[in-house]
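All chains are named by letter (A, B, ...) in the order of the sequence lines, taking the proteins before the strands, and each is independently numbered beginning at 1. Basis for what follows: all heavy atoms, side chains included, without hydrogens, waters or symmetry-related copies.
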Protein chains: 2
Amino acid sequence: MAKKKPDKASLDEAAARLRSAGLRPTRQRVALAGLLFGKDHHHLTAESLHAQAAKAGVRVSLATVYNTLHQFTEAGMLSQVVVDAARSYFDTNTGAHQHFYCEDDGALIDIPGEAIAVAGVPSPPKGMAVDRVDVVVRIKRA
Amino acid sequence: MAKKKPDKASLDEAAARLRSAGLRPTRQRVALAGLLFGKDHHHLTAESLHAQAAKAGVRVSLATVYNTLHQFTEAGMLSQVVVDAARSYFDTNTGAHQHFYCEDDGALIDIPGEAIAVAGVPSPPKGMAVDRVDVVVRIKRA
DNA sequence: GCGCTTCTTTAGAATTATTCCAAACTATAT
DNA sequence: ATATAGTTTGGAATAATTCTAAAGAAGCGC
Ligand SMILES: [Mn+2]
Ligand SMILES: [Mn+2]
Ligand SMILES: [Zn+2]
Ligand SMILES: [Zn+2]
């Protein structure tokens with residue numbers, strides 16, 4: 001039997017996490033949090049999470065998946081990765097780190113934050129502050 | 001009087017450039033090339049170029065603007081900058097360089113290639129080769 | 001220039017990702 | 001239990017981009 005739904009413990013943990021983010025632990029949010037944070041870090045899109053939820057037997061509308069992803073991002077539980085103009089990726093790894101992006105198949109691979117060093121970033125224009133520095137290493141089949 | 005259309009010399013130059021890229025110098029392509037390459041490097045979107053063309057009295061459909069931007073990019077005359085999931089930016093600066101991206105108003109500002117150094121990029125997975133390394137410095141009003 | 005072939009342009013329809021909306025729910029506080 | 005404010009949802013609406021097929025223009029040999 002495939003392990004489809006996250007266990008109760010991780011769901012309770014998810015509910016607690018939501019409460020402390022000021023979000024009501026609704027059935028949908030708890031279930032999505034369970035799917036997102038119960039396992040290793042990974043990358044996803046609204047569509048892929050929606051599909052995963054369906055596969056796990058969780059009924060959620062796509063609109064709610066979008067709402068939830070944005071709320072979780074707002075709350076710092078997810079980060080957004082911009083690598084392709086056509087799709088929005090989200091990342092359960094919110095620490096400072098970078099990515100390989102495979103232009104052939106759209107796959108994202110983490111590069112640990114300590115690995116890469118960016119030097120020489122000029123100071124931003126007056127009145128602006130650096131929010132973050134994103135590095136995308138675009139790769140292709142050799 | 002505002003200088004609307006590029007002068008004849010730069011249009012001839014544009015036509016030559018197109019021919020050597022294997023593209024027929026049609027009225028539309030020559031005009032767009034004139035708007036794109038006659039001045040300093042800059043960033044643009046399909047919509048903004050389409051609007052600029054209209055203002056200069058050049059009749060071109062939006063579909064042709066999209067086609068042309070892609071063909072020019074293919075030919076190495078433009079590069080594409082991915083910073084926002086909602087819009088596709090193009091850049092007349094095709095040399096190696098990086099960008100500030102202002103999250104407040106969507107403005108792009110060049111960072112010279114020599115300024116930034118990225119160290120520690122791990123080698124890509126077997127069979128893959130690095131196409132390029134993009135650095136986006138996201139800034140916000142302080 | 002003429003005719004032929006091939007490439008281009010274009011209006012408008014189609015596609016895709018995402019957001020909006022208003023009505024039907026539901027978590028939480030009292 | 002009730003009331004209230006926050007949530008979910010199906011479906012419509014947006015917006016950027018691509019597709020289609022028909023009409024137009026460029027290049028070539030004559
Ligand atoms: Mn990761
Ligand atoms: Mn889109
Ligand atoms: Zn990541
Ligand atoms: Zn640039």
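Rounded to whole angstrom, the span from the CZ atom of B:R87 across to the C1' atom of C:dT19 amounts to 16 Å. Here the P atom of nucleotide C:dT18 and the NE2 atom of A:H70 are 8 Å apart, to the nearest Å. Note: NE2 (A:H50) to P (C:dT18) measures 13 Å, nearest angstrom. Counting to the nearest Å, the P atom of C:dA17 and the CG atom of A:L69 are 15 Å from each other. The distance between atom OH of A:Y89 and atom P of C:dT18, rounded to the nearest whole Å, is 10 Å. To the nearest angstrom, P of D:dA25 lies 17 Å from CZ of B:R19. With rounding to whole Å, B:D84 atom CG is found 12 Å from C:dT18 atom P.
Across its full length, the helix from C:dG1-D:dC30 to C:dT30-D:dA1 shows an angle of 30° between the axes of its 5 terminal pairs at either end, rounded to 10 degrees.
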Let me have a per-nucleotide readout for nucleotides 3-11 of chain C, 5' to 3', with B, S or -, counting only protein heavy atoms under 4.0 Å. ---BBSSBS
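Separating the OG1 atom in A:T92 from the CG atom in A:L44 is a distance of 7.0 Å, to the nearest 0.5 Å.
In terms of phosphate contacts, B:Y66 brings a side-chain nitrogen or oxygen within less than 4.0 Å of OP1 or OP2 of D:dT17.
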Audit row: B:L108, B:F100, side-chain contact (heavy atoms from CB on, under 4.5 Å) steps and yes/no: CA-CA 6 Å; B:L108 275 178; B:F100 278 120; over 6 Å; no
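Side-chain atoms of B:S88 lie closest to D:dT17 of the nucleotides C:dT18, C:dT28, D:dT17.
Under a cut-off of 6.0 angstrom, the local environment of CZ in B:R138 is crowded, with over 12 non-hydrogen atoms contributed by other residues, nucleotides or ligands. Counting non-hydrogen atoms of neighbouring residues, nucleotides and ligands closer than 6.0 angstrom, the CD atom of B:Q71 exceeds 12 such neighbours. For CD of B:E74, the number of neighbouring non-hydrogen atoms (other residues, nucleotides, ligands) closer than 6.0 Å is 12 at most.
Ring geometry for A:F37 versus A:F72: interplanar angle of 30 to 60°, hence tilted.
Between B:H99 and B:D91, the side chains place a donor N or O and an acceptor N or O closer than 3.5 Å (distance only, hydrogens not considered).
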